[in-house]
Asks: 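Encoded as structure tokens, here's the structure I'll be asking about.
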Amino acid sequence: MKTARENNPMDQEDDAELLAAYRAGDGESLGKLVEKYKRPLFGFILRFSEGREEADEIFQEVWVRAIKNMNRYHHKNLLSWLFRIAHNLMIDRMRRSKPMLSLDTPMNTEGSPLGEQLAAVCLGPDGEAGGRELGLRIEAAAAQLPAEQREVFWLRMQADLSFKEIAKIQKCSINTALARMQYAVSKLRKELAGEYRELQKAGI
């Protein structure tokens, strides 16, 4: 299934135009790209940082590395590339501070529709008070997931990346990315059983 971004080729066309303008010397075009992707990129980084100050540092470093390599950029999806840079930066920081933990052996499975249901409630910018409260509970529960599962969940839900793109970022197979999403969704379903019933009653 294609994501909303994949169904809208105008986003990629706009990126190509802005990148071409930046390479031609238009500094404002880079600023437009930074602003365009600030919300999903910074929001993702913040969930894996110790605070806003560290998230700011990583966000800035992502763009520093992107600028250094911009002339060699040939990917189709700019946002996916930026998330890959952010992922690598955060992995480096985690390795310097503590050893990485491995997950259970992944299984071959498909993603759960619950993820799409959660996204509709907790990730929309204009949700009502009840939805925002539910969103906070979901975020708190997601924060308890193992790092790799939590990353897949937010890359899918907030960044709207395909599992193929997520697999590239995490340097794993698509089946592994799908399995991590399934593990995450299963744990969230148990943790948020009451909220899940609310979603079903609401027909979401």
Side-chain angles (χ1 to χ4, degrees), residues 1-9 11-12 15 37 39-49 55 58-59 62 65-66 69 73-95 98-124 135 138-192 196 199 204:
M1 183 180 72
K2 289 186 177 181
T3 63
R5 246 179 339 95
E6 290 173 319
N7 285 324
N8 184 8
D11 283 347
Q12 294 181 11
D15 288 351
Y37 292 122
R39 182 174 179 176
L41 182 60
F42 184 80
F44 170 72
I45 294 170
L46 185 60
R47 287 187 168 91
F48 292 86
S49 305
I58 297 173
F59 180 80
V62 167
R65 292 199 180 187
N69 294 281
Y73 170 78
H74 298 295
H75 303 277
K76 292 182 179 180
N77 190 316
L78 178 61
L79 182 59
S80 178
W81 184 57
L82 294 172
F83 272 106
R84 193 179 308 176
I85 296 173
H87 167 86
N88 291 336
L89 284 170
M90 290 185 288
I91 289 295
D92 289 343
R93 284 184 176 238
M94 291 174 66
R95 284 173 176 164
K98 60 183 179 181
M100 296 295 292
L101 299 177
S102 61
L103 296 174
D104 298 333
T105 302
M107 57 185 177
N108 186 354
T109 184
E110 295 182 358
S112 167
L114 175 61
E116 302 295 341
Q117 295 168 350
L118 295 179
V121 174
C122 70
L123 300 180
I138 292 170
E139 288 201 19
Q144 304 305 312
L145 294 169
E148 290 172 343
Q149 295 176 23
R150 180 161 34 108
E151 183 178 52
V152 170
F153 181 79
W154 289 121
L155 284 172
R156 179 63 178 167
M157 295 301 98
Q158 184 170 51
D160 195 26
L161 297 186
S162 69
F163 284 107
K164 181 178 180 180
E165 292 168 329
I166 293 170
K168 288 181 180 179
I169 290 171
Q170 291 201 324
K171 297 181 177 66
C172 65
S173 69
I174 293 178
N175 282 342
T176 297
L178 285 167
R180 289 171 180 172
M181 182 66 171
Q182 180 63 36
Y183 283 131
V185 169
S186 296
K187 291 176 182 177
L188 291 177
R189 183 183 287 118
K190 293 178 183 178
E191 184 71 21
L192 300 165
Y196 183 49
L199 294 176
I204 297 174

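In this chain, numbering begins with 1 at the start of the sequence shown.
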Asks: Taking all non-hydrogen atoms of both residues into account, name the closest pair between Arg150 and Ala142 and its distance.
Replies: CD-O, 3.1 Å
Asks: Is the closest side-chain heavy-atom distance between His87 and Ile91 below 4.5 Å?
Replies: yes
Asks: Check the pair Lys168 / Phe83 against side chain to side chain contact (heavy atoms under 4.5 Å, CB included), numbers first and verdict last.
Replies: CA-CA 10 Å; Lys168 288 181 180 179; Phe83 272 106; over 6 Å; no
Asks: Answer yes or no: is there a side-chain heavy-atom contact under 4.5 Å between Asn69 and Ile85?
Replies: no
Asks: Is a donor on one side and an acceptor on the other found under 3.5 Å between the side chain of Arg93 and the backbone of Ile58?
Replies: no
Asks: Below 4.5 Å, heavy atoms only, C-beta onward: do Gln144 and Lys187 meet side chain to side chain?
Replies: no
Asks: Return the minimal non-hydrogen interatomic distance between Ser80 and Ile169, and the atom names on each side.
Replies: O-CD1, 3.8 Å
Asks: How about Glu191 and Leu145: do any of their side-chain heavy atoms sit closer than 4.5 Å?
Replies: no
Asks: Tell me whether Gln170 contacts the main-chain N or O of Glu148 through its side chain, where contact means a donor paired with an acceptor under 3.5 Å.
Replies: yes
Asks: How far apart are the closest heavy atoms of Leu41 and Ala86, and which atoms are they?
Replies: CD1-CB, 4.2 Å
Asks: Does the side chain of Glu151 reach to within under 4.5 Å of the side chain of Phe44, using non-hydrogen atoms?
Replies: yes
Asks: Which is it for Asn88 and Lys171 under the side chain to side chain contact (heavy atoms under 4.5 Å, CB included) test, yes or no, and what are the steps along the way?
Replies: CA-CA 10 Å; Asn88 291 336; Lys171 297 181 177 66; 3.2 Å; yes
Asks: Minimum heavy-atom separation for Cys172 and Ala177, please, with both atom names.
Replies: SG-N, 4.0 Å
Asks: If you round to the nearest 0.5 Å, how far is OG of Ser186 from CE of Met181?
Replies: 10.5 Å
Asks: At what distance, to the nearest 0.5 angstrom, does OH of Tyr37 lie from CH2 of Trp81?
Replies: 12.0 Å
Asks: Let me confirm one number: the CG-OH distance from Leu178 to Tyr183, rounded to the nearest 0.5 Å.
Replies: 12.0 Å
Asks: As an exercise, state the distance from CD of Glu165 to CZ of Arg156, rounded to the nearest 0.5 Å.
Replies: 9.0 Å
Asks: Is it the case that the side chain of Gln149 and the backbone of Pro146 share a donor-acceptor pair, with hydrogens and angles ignored and the cut-off at 3.5 Å?
Replies: no
Asks: So Phe163 and Ile166, do their side chains get closer than 4.5 Å, heavy atoms only?
Replies: yes
Asks: Quick check: do Ile45 and Leu89 have side-chain heavy atoms less than 4.5 Å from each other?
Replies: no
